[in-house]
Structures are given as structure tokens and as C-alpha cells.
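For reference, the structure is listed below as C-alpha cells.
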Amino acid sequence: MKKQKPTGPEAVTAAIYAVVRAIPRGCVATYGQVAELAGLPSGHRRVARAMKTCPSGLPWQRVVGRKDARRAQIAIQDPEHAALQRKLLEAEKVAFDASGFIVLRRHGWLPIDL
DNA sequence: CGTGTGACGCGAG
DNA sequence: CCTCGCGCCACAC
């Protein structure tokens, strides 16, 4: 019997998408968090790459970069694309700080680092 | 096949 | 709170 454990690149990507789709509306998760939940403890770069592919129907806007233990920030380099993400998040009632940070205590999907 | 880069994360100073 | 540096993984050249 083959290993049920996915080791193909497609399976890994599918796992990442599954986690992203599981993020509730109005909440956000960090790349590291998504990677860990997808079975990739150090695959944050992999998650970023997967988000960049930007498949339709995926709430990619809910995946954000981690600023520190209590805040997160949009990691997209493209200013226009970043503005789009912020707009989408605000449409979901996700609030931004004056500096453009998201309070994880308030919008974080799961507790990040105690 | 070696090198550089990127929608990242974390420790150290 | 700030900046700097390294680790991580996949891909382009």
C-alpha cells in the first residue's frame, strides 16, 4: 500500500489551500501558521509561493505576514496588490492599525505564540 | 549543477 | 521598537 502521506508537490499545495480555505471570514493567519497546519513546519516560503499562484476561489487575503507576537502585516511587495488585500480584509471587517498592522488578538484565527 | 532571489520567520544586538 | 543576519524551500538563470 502506498503511503497515504502526500509527498508530491501537488499534494502539498492542496494541503496549503485546504488550510487557507479553512480560515473563517473576518480572521487572518500567518504564513508560518498555515505552513505548520499544512504539515510544513518550516514551509512558510512554500506557502508564500502557493499564494502567489493565486488560484480562484481561495481566500488568499486572509494569509498575512507576521510582524511580531501580537501583530501581523500584509507581506505583499506589490503596492497595488497589497492595497487590494487590505481592501478585501476591510470588507470582512478586519481592522488595520494606523501603521497598517492587524491586531492578532482581535482578528487572529488561532493563537499564535501565546 | 551553482548562484541569486522572494507575498517569510525568528533570534540577537 | 529598531535593524541586521541566518535559515528555510522552490524556482529562474
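Order of the sequence lines sets the chain letters (A, B, ...), proteins ahead of strands, with each chain counted from 1.
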Which protein N or O atoms sit under 3.5 Å from an N or O of nucleotides 10-13 of chain B?
{"unit_1": "B/dC10", "atom_1": "OP1", "unit_2": "A/Arg66", "atom_2": "NH1", "d": "3.2"}
{"unit_1": "B/dC10", "atom_1": "OP2", "unit_2": "A/Arg66", "atom_2": "NH1", "d": "2.4"}

Over all heavy atoms of both residues, which pair between A/Val64 and A/Ala72 is shortest? Give the atoms and the distance, please. CG2-CB, 3.5 Å
Taking the side chain as everything from C-beta on, heavy atoms only, tell me whether A/Leu89 gets closer than 4.5 Å to A/Arg86. no
Flag the pair A/Val94 / A/Leu88 as yes when at least one side-chain heavy-atom distance between them is below 4.5 Å, and no otherwise. no
Is a side-chain N or O of A/Arg62 found less than 3.5 angstrom from the main chain of A/Ile23, in a donor-acceptor match? yes
Has the side chain of A/Glu92 got a donor or acceptor atom that lies under 3.5 Å from a matching backbone atom of A/Pro24? no
Take atom CD of A/Glu36 and atom P of B/dC8, then tell me their distance rounded to the nearest Å. 18 Å
Criterion side-chain contact (heavy atoms from CB on, under 4.5 Å) on A/Glu80 and A/Leu84, from CA distance to verdict: CA-CA 6 Å; A/Glu80 290 185 47; A/Leu84 173 63; over 6 Å; no
Between the protein and nucleotides 7-9 of chain C, which nitrogen or oxygen pairs are less than 3.5 angstrom apart?
{"unit_1": "C/dG7", "atom_1": "N2", "unit_2": "A/His44", "atom_2": "NE2", "d": "3.0"}
{"unit_1": "C/dC9", "atom_1": "O3'", "unit_2": "A/Arg46", "atom_2": "NE", "d": "3.4"}

Rounded to whole Å, CD of A/Gln73 lies from C1' of C/dC2 at a distance of 14 Å
Nucleotide B/dG9, atom P - distance to CZ of A/Arg71 in whole Å: 15 Å
Under the ring pair (Phe, Tyr, Trp, His ring centres under 6.0 Å) rule, what pairs show up with a residue in residues 62-113 of chain A, not counting sequence neighbours? A/Trp60-A/His81
Separation of C/dC1 atom C1' from A/Asp68 atom CG, nearest Å, is 9 Å
Would you check if the side chain of A/Asp68 reaches a backbone N or O of A/Arg70 as a donor-acceptor pair within less than 3.5 Å? yes
Nearest-angstrom distance from the residue atom CD1 of A/Ile102 to P of B/dC8: 14 Å
